[in-house]
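Only one structure is covered here, and it is reproduced in the block below.
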There are 6 protein chains.
Amino acid sequence: MNWFDEGALYAQISTFLREDLGRGDITSQAIIARNTRARGRFVAREKMIVAGLEAAEEVFLTLDPQQQLEAFVSDGEAVEAGKVIARTSGFADVLIAGERVALNLIQRLSGVATITSQFVQAVAGTQAQIIDTRETTPGMRLLERYAVVLGGGRNSRFGLDDGVVITTNHAAVSGGIAACVKNAREQVGNFHKIQAQVGNEAEAKEAASNGADGLLLENLEPEAVERLCAVAREIAPAITVECSGNGLTLENVRAYAEAGATLIGISTSNSCVRAVGVSFQLQPF
Amino acid sequence: MNWFDEGALYAQISTFLREDLGRGDITSQAIIARNTRARGRFVAREKMIVAGLEAAEEVFLTLDPQQQLEAFVSDGEAVEAGKVIARTSGFADVLIAGERVALNLIQRLSGVATITSQFVQAVAGTQAQIIDTRETTPGMRLLERYAVVLGGGRNSRFGLDDGVVITTNHAAVSGGIAACVKNAREQVGNFHKIQAQVGNEAEAKEAASNGADGLLLENLEPEAVERLCAVAREIAPAITVECSGNGLTLENVRAYAEAGATLIGISTSNSCVRAVGVSFQLQPF
Amino acid sequence: MNWFDEGALYAQISTFLREDLGRGDITSQAIIARNTRARGRFVAREKMIVAGLEAAEEVFLTLDPQQQLEAFVSDGEAVEAGKVIARTSGFADVLIAGERVALNLIQRLSGVATITSQFVQAVAGTQAQIIDTRETTPGMRLLERYAVVLGGGRNSRFGLDDGVVITTNHAAVSGGIAACVKNAREQVGNFHKIQAQVGNEAEAKEAASNGADGLLLENLEPEAVERLCAVAREIAPAITVECSGNGLTLENVRAYAEAGATLIGISTSNSCVRAVGVSFQLQPF
Amino acid sequence: MNWFDEGALYAQISTFLREDLGRGDITSQAIIARNTRARGRFVAREKMIVAGLEAAEEVFLTLDPQQQLEAFVSDGEAVEAGKVIARTSGFADVLIAGERVALNLIQRLSGVATITSQFVQAVAGTQAQIIDTRETTPGMRLLERYAVVLGGGRNSRFGLDDGVVITTNHAAVSGGIAACVKNAREQVGNFHKIQAQVGNEAEAKEAASNGADGLLLENLEPEAVERLCAVAREIAPAITVECSGNGLTLENVRAYAEAGATLIGISTSNSCVRAVGVSFQLQPF
Amino acid sequence: MNWFDEGALYAQISTFLREDLGRGDITSQAIIARNTRARGRFVAREKMIVAGLEAAEEVFLTLDPQQQLEAFVSDGEAVEAGKVIARTSGFADVLIAGERVALNLIQRLSGVATITSQFVQAVAGTQAQIIDTRETTPGMRLLERYAVVLGGGRNSRFGLDDGVVITTNHAAVSGGIAACVKNAREQVGNFHKIQAQVGNEAEAKEAASNGADGLLLENLEPEAVERLCAVAREIAPAITVECSGNGLTLENVRAYAEAGATLIGISTSNSCVRAVGVSFQLQPF
Amino acid sequence: MNWFDEGALYAQISTFLREDLGRGDITSQAIIARNTRARGRFVAREKMIVAGLEAAEEVFLTLDPQQQLEAFVSDGEAVEAGKVIARTSGFADVLIAGERVALNLIQRLSGVATITSQFVQAVAGTQAQIIDTRETTPGMRLLERYAVVLGGGRNSRFGLDDGVVITTNHAAVSGGIAACVKNAREQVGNFHKIQAQVGNEAEAKEAASNGADGLLLENLEPEAVERLCAVAREIAPAITVECSGNGLTLENVRAYAEAGATLIGISTSNSCVRAVGVSFQLQPF
């Protein structure tokens with residue numbers, strides 16, 4: 001992540017720490033002697049693509065600017081079960097205060113990177129790219145997008161403000177797909193391309209013939225995707241086609257790619273993702 | 001949720017909306033005519049315990065204080081696939097601006113409530129209670145705790161500041177379990193009970209004989225749980241025993257309950273939980 | 001402005017009021033009797049396009065939610081000197097507390113709307129559109145963009161995050177224009193078009209032949225603009241051409257339009273803009 | 001600026017950067033290779049009093065605490081066109097991210113300092129001092145006051161909370177000038193002097209004879225100023241007289257000074273001020 | 001308090017509530033049935049000048065905008081022990097959540113008002129006014145100043161930014177009293193008077209003869225005050241004289257007034273003030 | 001204080017400084033030459049337990065990160081009148097800007113530590129511990145709790161969220177003491193003990209026999225305390241008993257300890273506490 005994301009990351013990590021710490025760790029305050037130092041290590045408990053080590057380091061730095069995390073792998077690397085992925089040393093109460101938030105982040109983000117990587121492999125050799133969607137865990141979009149890239153995927157628009165997508169709901173209230181595409185073309189100025197969600201061949205034609213730069217197909221079967229691609233590309237050969245939806249799985253994703261999808265959007269908050277196991281073990285000096 | 005949680009909830013929802021909206025929805029700004037009104041409805045796409053409708057209502061209220069959500073079921077109710085769970089009407093651009101955040105919340109929280117409910121049923125008739133842990137999605141703890149209660153579970157401590165748990169990591173840096181329990185008893189004052197994580201019979205004896213009010217057993221097999229319960233309760237008959245860990249599943253949870261666990265802690269950020277499917281369908285007036 | 005901008009507007013107005021009020025108006029506290037009511041009116045002191053009345057109303061509403069502003073013209077209307085453009089009544093100390101901030105906003109924004117309107121008239125009948133640029137008064141971009149629209153102009157990208165423009169400075173550090181355009185096309189995904197700043201015919205060719213959607217010409221003479229347009233459009237007939245720079249004036253802007261510019265970007269923080277005169281007159285009831 | 005202003009400055013610069021950057025510079029993210037370094041220089045494009053270099057440095061420091069700006073002139077110095085006023089080197093994406101905000105600040109503040117300096121020269125040799133007023137750009141008062149001092153002017157009250165001025169609007173709702181001056185004298189305690197706005201000889205007498213420490217004359221002609229000064233000073237020889245208003249120009253300001261004004265207040269948000277031209281040129285290492 | 005103070009008051013009350021409530025009242029959450037309503041009353045346990053009822057009302061309104069407080073006396077009135085000063089009804093958990101903060105405020109502020117009133121009576125009939133100083137409880141200055149006014153006192157400067165006082169410490173580092181007074185006169189502009197702290201006759205002369213508007217005498221005996229008043233007023237008959245310091249008590253304050261002090265500053269954070277007793281009694285409906 | 005409290009402390013100190021400084025110290029800005037350096041020392045004016053030096057250092061560090069405070073005694077040490085407790089050197093304007101806030105903190109907190117220490121001595125040799133209560137100065141709880149520990153006392157619960165106390169007001173609206181204790185036992189989970197306020201023997205029995213871990217006796221006479229202790233301990237020998245209330249004084253506190261109280265709660269905002277005298281003396285280099 002670059003400097004700007006770091007600013008946002010810092011604010012977020014602070015929020016996560018406040019959530020877990022409240023007024024402070026009353027257990028450590030009661031039983032850990034002042035200035036006790038310790039060292040800890042993070043151990044992968046299963047095979048995974050590691051993600052979240054930068055975030056975990058930020059957790060400890062937020063608690064103590066002197067605290068450092070020494071990573072033995074970089075975010076994005078694949079590791080086997082048992083691998084010590086990072087170690088850190090410092091005040092014992094700081095290590096314990098940050099442990100849970102750091103683990104929660106590493107486990108979830110590594111889970112996202114790992115599943116993304118599996119999707120990427122599943123479509124290897126096709127023209128399709130795996131991308132994220134706006135179906136992310138609330139409050140975690142920045143981090144989950146980052147994990148998708150670590151897993152080999154690409155980022156789609158961040159939110160509603162940096163990309164134009166005309167959905168079925170837009171079309172329902174604003175005069176249908178053709179009108180929406182035309183108006184968007186007229187209004188959004190010279191910086192934005194236009195993607196339109198379509199559900200059948202008629203809509204695909206409507207979008208393509210009115211100047212849409214891309215199509216969005218949600219919850220369709222691969223055969224339907226193939227038909228709509230054909231119809232749209234007859235009109236606009238360079239049009240992009242994104243598939244997404246709850247039905248997409250590691251098992252069937254290649255069928256979508258082979259049906260013509262150029263982009264395949266995966267949710268990072270739903271059933272595809274499960275947190276992987278990582279443990280944190282503390283030792284005295 | 002009561003008045004105080006509502007304050008925290010409002011702040012959180014605002015953060016989630018800013019994450020998705022940034023500088024505003026450029027698609028709607030381009031193509032939806034000013035003051036266009038519409039109505040929308042949320043439809044369950046599978047069987048689930050509904051959770052997150054109050055949060056979803058807050059999403060729309062944050063965008064427009066006049067916007068109301070009419071719920072057809074209460075948070076905590078079970079519904080079948082196809083059920084219209086809520087509807088709302090208002091400005092079309094407001095409905096679309098809130099759609100994704102509302103769906104992300106309902107889908108995830110209903111997923112948590114649903115899985116919790118399944119765990120609760122799995123231990124029905126035993127002395128065991130299903131509780132949450134600190135293994136929650138960063139930033140979502142308040143909401144996930146709420147969903148656990150809706151699913152029939154109980155809340156454990158919120159964070160490090162409102163409950164005393166001596167973990168293996170504490171013991172490693174502060175002189176072992178016996179010393180930690182004694183010091184904690186001395187220091188934490190008259191308001192807190194003390195739970196100690198133990199991994200074998202010797203530690204269980206140590207904790208129980210030094211006055212721990214409860215034991216925490218992580219990642220142990222049911223047989224081990226049974227043995228440690230026996231050892232500890234011989235010393236302190238009323239001691240509580242909490243089991244948790246990645247190995248806990250719907251399939252084996254009853255074995256833990258029957259082994260003597262009084263509390264079973266489930267993670268709301270890990271593989272146990274998957275978001276359930278809910279859709280939002282907009283119509284013009 | 002729509003609901004989302006209102007949220008941002010409210011935060012900004014609060015900042016502006018704190019700037020002027022600090023710990024409160026010590027003069028009014030000393031000499032105005034509690035609950036004194038008064039009425040005030042805003043009077044145009046010269047010919048202008050009015051802008052900022054919504055912002056001015058927000059100023060008073062921030063101080064007192066009961067306070068209303070009755071506008072006699074809408075933002076965007078032209079008025080002559082002497083016109084009473086709005087009136088308001090309420091607590092005298094509130095009116096005086098908001099007076100200066102309200103006037104500063106109306107005067108500046110009306111100045112922006114008025115000069116924009118003059119530029120729009122100057123290019124009437126040509127293909128050129130007047131747009132804003134990122135050369136705005138720090139902290140006032142939202143409001144100045146709004147005033148540009150009221151004056152008949154169009155908005156360009158809001159900031160660095162919602163539009164791709166490859167400037168001379170980008171090209172200098174990233175391998176030249178051709179490489180930049182190609183890389184941007186590859187990296188920015190499916191939502192963004194690409195504008196490239198060019199300074200001579202060779203660069204214009206380079207940008208156009210590598211797939212730029214638009215050109216940006218800064219501080220060039222109209223003849224140069226004409227030549228570059230010709231060169232680029234031979235390669236890419238639909239390419240857009242934006243002209244901007246300090247040299248653009250009401251006197252020479254038409255020459256740029258006639259030279260082929262499709263977009264003409266004006267600064268809202270520089271010499272083109274002067275605040276227009278508006279006064280606020282208070283009367284007792 | 002001293003330490004306290006720096007705190008306020010930092011907060012403001014952050015706001016300005018967020019305004020321009022939003023979620024980050026998508027162009028640089030797409031095309032600038034990680035860790036690319038570059039150097040840039042700020043060049044005056046016309047004659048000016050330089051102001052805003054400290055603020056510009058803060059812009060880059062906010063983005064990257066390692067980033068330094070090497071200034072070749074100090075804020076407040078006069079330079080000719082073509083002068084390189086500062087240079088900086090660092091990460092190319094940071095330089096480009098800060099470029100526009102830095103330029104917008106330097107151009108506007110140098111414009112304020114330059115015009116102030118011209119006003120100061122215009123009244124050289126008289127008793128009059130050039131001061132700022134509350135007619136500033138919303139959100140920029142701290143910086144514009146600073147620029148006025150760099151141009152040789154003096155600061156007036158910051159806002160409504162640190163100086164007592166009885167305006168015509170106060171008098172209208174609180175029993176006239178005499179009553180207002182008397183009440184203010186009674187109420188504002190032992191720390192504040194009292195200035196009263198007057199519009200004719202009768203009011204000037206009223207203010208002076210009731211103990212006003214200063215008069216404020218707005219939008220009057222020099223002859224009227226002369227008459228009111230005479231009337232007031234007959235009663236209170238040491239009374240100060242401030243002139244301000246839209247009619248004040250570089251051409252007529254000396255007439256006001258010669259008419260007896262001790263203070264001449266200039267607006268920093270109106271037609272007197274125009275941003276001066278400064279460019280930023282980037283080069284690779 | 002007027003509208004502006006209310007804004008600041010609201011922010012402060014929220015801080016006080018967060019301090020006491022943290023994540024919410026776990027006792028009420030456990031044992032009070034949802035929607036239980038109750039009524040409560042505040043009873044004076046001793047004779048006092050009441051202060052803080054507006055603040056207490058704000059406490060309850062912050063927790064629940066529907067909650068009202070019905071006051072039977074106004075802030076500033078004297079009551080006897082046993083008097084029911086206010087009552088309120090609403091949700092029982094809200095009443096209990098606000099109880100402690102409300103009591104802490106009423107008890108402390110009534111204590112300040114009561115002692116101020118006693119000081120005011122002690123100097124009745126002399127020229128002296130009782131004023132507050134900057135020796136206030138950190139974070140409570142706004143409220144304590146308000147209580148001083150309720151007790152019949154007057155407010156001095158709020159802080160370092162709205163009044164000029166040259167202290168002994170200033171003089172020590174800036175060339176002595178005479179130089180400080182002269183420089184201050186020159187620099188602080190036309191809005192501020194100047195008070196100088198002096199400790200003996202020589203300093204009093206120095207201050208008076210260089211134009212100080214007031215003297216500040218700290219920790220002097222009444223006889224010394226009398227001598228310094230005489231010396232200073234020979235030079236500047238209208239000069240004000242403020243006495244303050246730890247030695248000031250209800251017993252000796254009149255001696256200071258009779259020695260010539262025009263202002264007597266009392267600390268609201270020190271030994272003079274003690275919180276008075278008030279209780280809050282809840283009843284079910 | 002540990003790292004976490006330091007974060008909270010920093011935020012608080014900033015608030016206190018903003019309260020006193022507003023837009024900055026206009027006196028120092030007017031008369032202290034830029035970069036003037038000075039040294040200052042804090043001198044105890046009476047016998048006291050010192051508290052607040054860490055907070056005072058934070059005051060200066062907040063203003064200038066280079067500024068250090070050299071303490072000659074540690075927080076918690078006893079000193080005699082005349083003792084120089086700390087010194088500091090740095091920019092004169094920074095020293096003066098922080099002086100008042102630093103003094104207000106040291107004086108108040110040393111007052112709290114001193115009185116606490118006197119209470120601790122008064123019960124020396126008994127089983128009773130001196131603890132704080134929620135009757136603290138609004139906004140100062142963290143600091144006052146810290147001062148209580150420095151004086152030899154212990155901390156009670158921080159606020160409503162980290163300890164369960166059933167008060168008379170709870171009992172009044174929730175079915176009486178027995179029901180409240182039972183429900184609390186059932187609901188608050190495995191982390192919290194339960195204290196119940198009782199006023200007579202019947203209530204004491206009710207609480208003890210339903211499982212309360214502790215009793216709270218407010219505003220009772222020592223004899224009543226003795227009787228209630230006896231009644232309760234017959235049922236629950238290990239039950240704790242806390243006494244508190246306005247009637248507790250240095251004179252009678254031992255009687256409460258001898259009557260059987262295990263905890264004696266003192267208010268840090270009421271008449272028991274008076275700020276002690278400390279002065280700050282500045283010298284030039």
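Within residues 165-172 of chain B, the residues that have a heavy atom under 4.5 Å from a heavy atom of chain A are B:Val165, B:Ile166, B:Asn169, B:His170, B:Ala172, listed by number.
For chain B, the nearby parts of A:Thr137 are the backbone and the side chain; heavy atoms of each come within less than 4.5 Å. Of the atoms belonging to A:Phe280, heavy atoms from both backbone and side chain fall under 4.5 Å from chain B. For A:Ala184, the parts sitting under 4.5 Å from any heavy atom of chain B are the backbone and the side chain alike. B:Gln283 touches chain A through its backbone: at least one of N, CA, C or O sits under 4.5 Å from a heavy atom, while the side chain does not. Of the atoms belonging to A:Gln107, it is side-chain heavy atoms, and not backbone ones, that fall under 4.5 Å from chain B.
One N or O on the side chain of B:Asn104 and one on the backbone of A:Thr136 form a donor-acceptor pair closer than 3.5 Å.
With chain A as partner, the option from B:Ala92, B:Gly40, B:Gly163 having the largest number of non-hydrogen pairs under 4.5 angstrom is B:Gly163. Comparing A:Ile96, A:Asn183, A:Val276 by heavy-atom pairs within less than 4.5 Å of chain B, the highest count is held by A:Ile96. The greatest number of non-hydrogen atom pairs below 4.5 Å with chain A, out of B:Ala38, B:Pro284, B:Ala179, is found for B:Pro284.
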- Quick one: do A:Gln12 and B:Thr15 satisfy side-chain contact (heavy atoms from CB on, under 4.5 Å)? Show the steps, please. CA-CA 10 Å; A:Gln12 235 179 338; B:Thr15 303; over 6 Å; no

- Message: What verdict does the side-chain contact (heavy atoms from CB on, under 4.5 Å) test give for A:Arg45 and B:Asn219, after you've listed the backbone C-alpha separation in whole Å, the side-chain angles of each residue and the deciding distance to 0.1 Å?
- Response: CA-CA 12 Å; A:Arg45 298 169 62 173; B:Asn219 293 319; 3.3 Å; yes

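Residues B:Arg134 and A:Arg100 approach most closely at NH2-CB, 2.8 Å, considering heavy atoms.
In this structure the side chain of B:Gln29 never reaches within 4.5 angstrom of the side chain of A:Leu160, judged on heavy atoms. Put simply, the side chain of B:Val173 reaches to within 4.5 Å of the side chain of A:Leu282, judged on heavy atoms. The shortest distance between side-chain heavy atoms of B:Leu21 and A:Asp161 does not fall below 4.5 Å. Inter-residue side-chain proximity for A:Pro138 and B:Val101 is flagged as unmet; no heavy-atom pair is nearer than 4.5 Å.
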Throw together a table of side-chain donor-acceptor distances under 3.5 angstrom for residues 186-196 of chain A, partners on residues two or more places apart or in other chains.
{"from": "A:His192", "atom 1": "NE2", "to": "C:Asp162", "atom 2": "O", "distance (Å)": "3.2"}
{"from": "A:Gln195", "atom 1": "NE2", "to": "A:Glu242", "atom 2": "OE1", "distance (Å)": "2.9"}

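In this structure, CD1 on B:Ile31 lies 5.0 Å from OG on A:Ser174, to the nearest 0.5 angstrom.
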